[in-house]
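These notes are about the structure you will find just below.
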Amino acid sequence: MLKMSTLFLRTLRDDPADAEVASHRLLVRAGYVRRIAAGIYSWLPLGYITLRNVERVVREEMDKAGFQEVHFPALLPKEAYEETNRWEEYGQDLFRLQDRKGGDYLLGPTHEEMFTLMVKGEYSSYKDLPLSLYQIQTKYRDETRPRSGIIRGREFVMKDSYSFDLTDEGLAQSYANHRAAYIKTFDRLGMKYNIVSAVAGAMGGSSSEEFLAPCPTGEDTYVLCEKCGYAANVEAMVTTVAPSDPSAVGALEVLDTPSTPTIDSLVAVLNDRFGGGYTGAHTLKNVMLMADTKAISVLVPGDREVDLKRVGANLKGVSELRIFEAEDFAKHPGLVKGYIGPQGAQALGITVYADPRVAPGTSWVTGANVKDHHAINVVNGRDFTVDAYIEAAEVRQGDTCPTCQNPVVIDRAIEIGHIFQLGRKYAQALNLTVLDQNGKSQVVTMGSYGIGVSRAVAAIAEQTHDEIGLSWPMEIAPAKVHIVATGKEDLPFDTALEIAEGLESLGISVMLDDRRDASAGVKFKDAELIGIPVIVVVGKGLADGNVELRTRSTGEKIDIPAATAVESISALVTSLS
RNA sequence: CGGGGCGUAGCGUAGUGGCUAGCGCGCCUGCUUUGGGAGCAGGAGAUCGGGAGUUCGAAUCUCCCCGCCCCGACCA
């Protein structure tokens, strides 16, 4: 039983000045966490109980799914990470340190290497597979910009699992098992979430999905079709375009269009000359990018910007992507800034990528590759060649759903889980093989699955709080019932304690506000701020033999007889669970 | 890393060159009060983020450094 007279807790009347998002503000005000440094937090008793409750739910669901818990150190030698090249690749985000002998160590940002090596050390037969292992660990990433309190910290608690299979089909099954376990986990945690397609990324995994908790302060943007339920990370959103018939389009014509280096200026001149009817959507924007050391051109309709995140996510094997700079133009004298067209781009050694909207047969107004000149009736496939199609244009509210053609909405969310099929990258790099039925050595295929445990605490707070404070789902609240004793006589305090003991004997956790010196108002405010789902007030109602039962989330209040309070409270707890 | 804001007691803050750095919350003592962040009286608590400089005098002006928050870039 948590007794507020002795609980290590101090609530704050004012919002902390350095907290902006609700979860951060309220978790600090209600005495759950305290900031130690940017992105680094301490957990006070109430916060730590809540965090452990989330951990407990996650652990129970992983165990139920047949995954086995192990535990690695957070402090790791660099060797394994060198073999997979991540000592370098992870860059500045990796916390590195040295021991007294000058040996290089890191604080684990994720543990693919260690799991792979652990399995390699123990197993060597296909008969041992499939296998799924997990851990709940403190992870360290030296984020460029930690933010939003514990939503994006530099130290955070994560559940990471890894599956090991002989075949691709086996991996697909392990992936499905994890997906199902995640659904159960997040349902139990009382979260609203969407499962969205994500981009597998440069490592070539075939399937990847994110569990996103919708919330206005979330940092991930995703697309949702409210009609058919299609959901995708913005990077993974697919564009569908009806085919177009170019036969009616006249021949390419070059126009003298002085001083029109921007889409707007070009549209104005076109409308002036042809009597209107042109918009940015009729023009073709040619954005020049450097993909590592290669110059590429990306074609999008003139009314859309190129979304570099989408291009980067969909361009395989490119590590750095950036907009052309002055010196890049200097190296490509064939490109006339402001008047670039895709006609003949390949002859200049440029690879042409086009957004699906720039479909074969579509006709455009675009640069003529001559200063102050544009070309009209420029047809894809007739007047220029696209080397590859790639999702490149920004996604907008109202774009067409790829499965049902309904307009999609764009929403913000917090990423609380990510599952993906890793494939053989790590097993290959670290030489994790098993013998198959034929005695032949086979590289194992892996999946990797993560849940942000500490982040989930914040995400739940974001989704459930109201103007007056936190409001936890039953499963993770620091206690199920918060009993407030008011008045100056002993009776309410004695009665409250009796009820509390009665509940605890039924296995219902209780926080008892037994402070003699705090006024009723203070206790009520604290109870609302702390957010335990059931609040019981034992005070003046006792004169009529009653106590008051409140539901935190709805604000509903009813009087119940004190004599049968334990039963009534227990029933309410059950109904809210 | 680019842009913006900020740093004064545990928390929220006032104080643009001049007296002992002010106020509210919280904390301690006493009395009173006890169903919506009570009242009165007394009290403790601050090297004004750090360093250097200008000045008779610096929380206040100048320079350097550190830290924090927000937007963007970045984030297996």
Side-chain angles (χ1 to χ4, degrees), chain A residues 9-21 24-25 28-29 31 34-40 81 84-86 89-94 108-113 115 139 141-149 151-154 156 158 160 162 198-205 208 210 217 219-220 235 307-309 312-313 319-323 415 418-423 425-426 446-450 452 455 468-469 484-489 492-493 513 515-529 535 537-543 546-548 550 557 559:
Chain A
L9 169 72
R10 198 93 316 161
T11 58
L12 305 176
R13 193 180 292 230
D14 301 304
D15 282 336
D18 62 357
E20 200 103 333
V21 301
H24 188 197
R25 263 190 310 115
V28 171
R29 265 193 67 198
R34 291 288 181 259
R35 192 181 62 75
I36 295 297
I40 302 177
Y81 287 77
T84 55
N85 214 24
R86 287 213 288 187
E89 267 175 13
Y90 223 99
Q92 296 268 98
D93 280 10
L94 193 61
T110 173
H111 283 74
E112 279 83 0
E113 284 82 352
F115 275 84
K139 305 288 189 195
R141 295 182 195 176
D142 194 0
E143 298 279 350
T144 3
R145 181 151 96 80
R147 81 187 93 167
S148 309
I151 292 175
R152 176 168 297 276
R154 294 189 292 172
F156 56 98
M158 180 173 171
D160 49 330
Y162 305 85
V199 174
M203 50 186 56
S208 171
E210 288 172 0
T217 50
E219 37 174 17
D220 282 36
E235 284 93 319
D307 183 333
L308 278 182
K309 272 183 156 180
S319 58
E320 198 205 340
L321 195 64
R322 60 174 175 81
I323 298 272
E415 180 186 343
H418 194 168
I419 54 178
F420 73 104
Q421 303 189 11
L422 263 185
K425 172 181 166 148
Y426 290 92
M446 295 170 56
S448 130
Y449 318 89
R455 177 181 284 184
I468 55 176
V484 175
T486 67
K488 53 182 174 180
E489 308 302 326
F493 288 86
D513 195 342
R515 291 175 294 176
R516 290 287 188 140
D517 49 355
S519 70
V522 168
K523 293 178 181 180
F524 295 155
K525 293 285 185 198
D526 274 347
E528 285 148 0
L529 178 61
I535 298 168
V537 182
V538 182
K540 67 178 187 187
L542 277 182
N546 289 331
V547 299
E548 185 180 291
R550 302 180 181 181
K557 305 177 182 181
D559 281 330

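None of these values were measured; they are calculated from a predicted model. Chain letters run A, B, ... following the sequence lines, proteins first, then strands; residues in each count from 1.
With C1' as the reference atom, B:rG10 and B:rC28 are 14 Å apart, rounded to whole Å. Taking atom C1' on both B:rC69 and B:rC63, the two are 25 Å apart, rounded to the nearest angstrom. A distance of about 11 Å separates the P atoms of B:rG39 and B:rG24, rounded to the whole Å. For the C1' atoms, the distance from B:rG12 to B:rG26 is 11 Å, rounded to whole Å.
By the side-chain hydrogen bond (donor to acceptor under 3.5 Å, both in side chains) test, A:Q92 pairs with no residue at all, sequence neighbours left out. Residues satisfying the side-chain hydrogen bond (donor to acceptor under 3.5 Å, both in side chains) test with A:R322, not counting sequence neighbours, are A:D328. Listed by chain and residue number, A:F524, A:E528, A:I535, A:V537, A:E548, A:K557 satisfy the side chain to side chain contact (heavy atoms under 4.5 Å, CB included) test with A:R550 (two or more places apart in sequence, or in another chain). Scored by the side chain to side chain contact (heavy atoms under 4.5 Å, CB included) test, A:T217 finds A:V21, A:C215, A:E462 as partners (sequence neighbours excluded). With sequence neighbours excluded, the residues satisfying side-chain hydrogen bond (donor to acceptor under 3.5 Å, both in side chains) with A:H111 are A:Q135, A:K139. The side chain to side chain contact (heavy atoms under 4.5 Å, CB included) search around A:P16 returns A:D18, A:A19, A:V28, A:R29, not counting sequence neighbours. Applying the salt bridge (Lys or Arg N to Asp or Glu O under 4.0 Å) criterion to A:R154, with sequence neighbours excluded, gives A:D142. Remark: A:K309 pairs with A:E235, A:D307 by the side chain to side chain contact (heavy atoms under 4.5 Å, CB included) rule, at least two apart or across chains.
Base-pairing analysis of RNA chain B finds the following stems of at least three consecutive Watson-Crick or G-U pairs, with both pairing distances under 3.5 Å: B:1-7 with B:66-72, B:10-13 with B:22-25, B:27-31 with B:39-43, B:49-53 with B:61-65.
In this structure, CZ of A:R515 is placed 13 Å from C1' of B:rU34, rounded to the nearest angstrom. One atom, CD1 of A:I36, and another, P of B:rC68, lie 12 Å apart when rounded to the nearest Å. Between the CZ atom of A:R25 and the P atom of B:rC11 there is a distance of 18 Å, rounded to whole Å.
Of the candidates B:rC11, B:rG35, B:rC74, the closest approach to any side-chain atom of A:L12 belongs to B:rC11. Side-chain proximity of A:F420 to the nucleotides B:rA76, B:rC68, B:rG36 is greatest for B:rA76. You'll find that the side chain of A:K488 is closest to B:rU34, out of B:rC74, B:rG35, B:rU34.
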Check nucleotides 25-28 of chain B for protein N or O atoms closer than 3.5 Å to its own N or O atoms and list the pairs.
| unit_1 | atom_1 | unit_2 | atom_2 | d |
| --- | --- | --- | --- | --- |
| B:rC25 | O3' | A:R13 | NH2 | 3.1 |
| B:rC25 | O2' | A:R13 | NE | 3.2 |
| B:rG26 | OP1 | A:R13 | NH2 | 3.3 |

Could you go through nucleotides 69-72 of chain B and list every protein N or O atom that sits under 3.5 Å from one of its N or O atoms, giving the distance for each pair?
| unit_1 | atom_1 | unit_2 | atom_2 | d |
| --- | --- | --- | --- | --- |
| B:rC70 | OP1 | A:S148 | N | 3.3 |
| B:rC71 | OP2 | A:R145 | NH1 | 3.4 |
| B:rC71 | OP2 | A:R145 | NH2 | 3.0 |
| B:rC71 | N4 | A:R145 | NE | 3.4 |

Polar atoms only, N or O, under 3.5 Å: list the protein pairs with nucleotides 3-9 of chain B and their distances.
none

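Contact annotation for A:E415: no contact, since no heavy-atom pair falls under 4.0 Å across all strands. Among the atoms of the strands shown, base atoms are found under 4.0 Å from some heavy atom of A:V537. Contacts of A:E89 with the nucleic acid, taken as non-hydrogen atoms under 4.0 Å apart, are absent. Residue A:G541 is in base contact, counting any heavy-atom pair closer than 4.0 Å across all strands shown. Nucleic acid contact class of A:K557 (heavy atoms, under 4.0 Å, all strands): base.
Side chains of A:H418 and A:S208: a donor-acceptor N/O pair is present below 3.5 angstrom, by distance only.
Residue A:Q92 is the one, among A:L529 and A:Q92, whose nearest nucleotide of RNA chain B lies closer to the 5' end (criterion: closest heavy atom).
Side chain of A:K523 to main chain of A:R515: a donor-acceptor pair is present (N/O by atom type, distance under 3.5 Å, no hydrogens or angles).
With a 6.0 Å cutoff to the six-membered ring centre and a 45° limit on the axis angle, A:R141 does not count as a cation-pi contact of A:F156.
Looking at A:R147 and A:E219, their side chains come closer than 4.5 Å, going by heavy atoms from C-beta outward. Proximity of A:E415 to A:R455: side-chain heavy atoms (C-beta onward) are separated by under 4.5 Å at one or more points.
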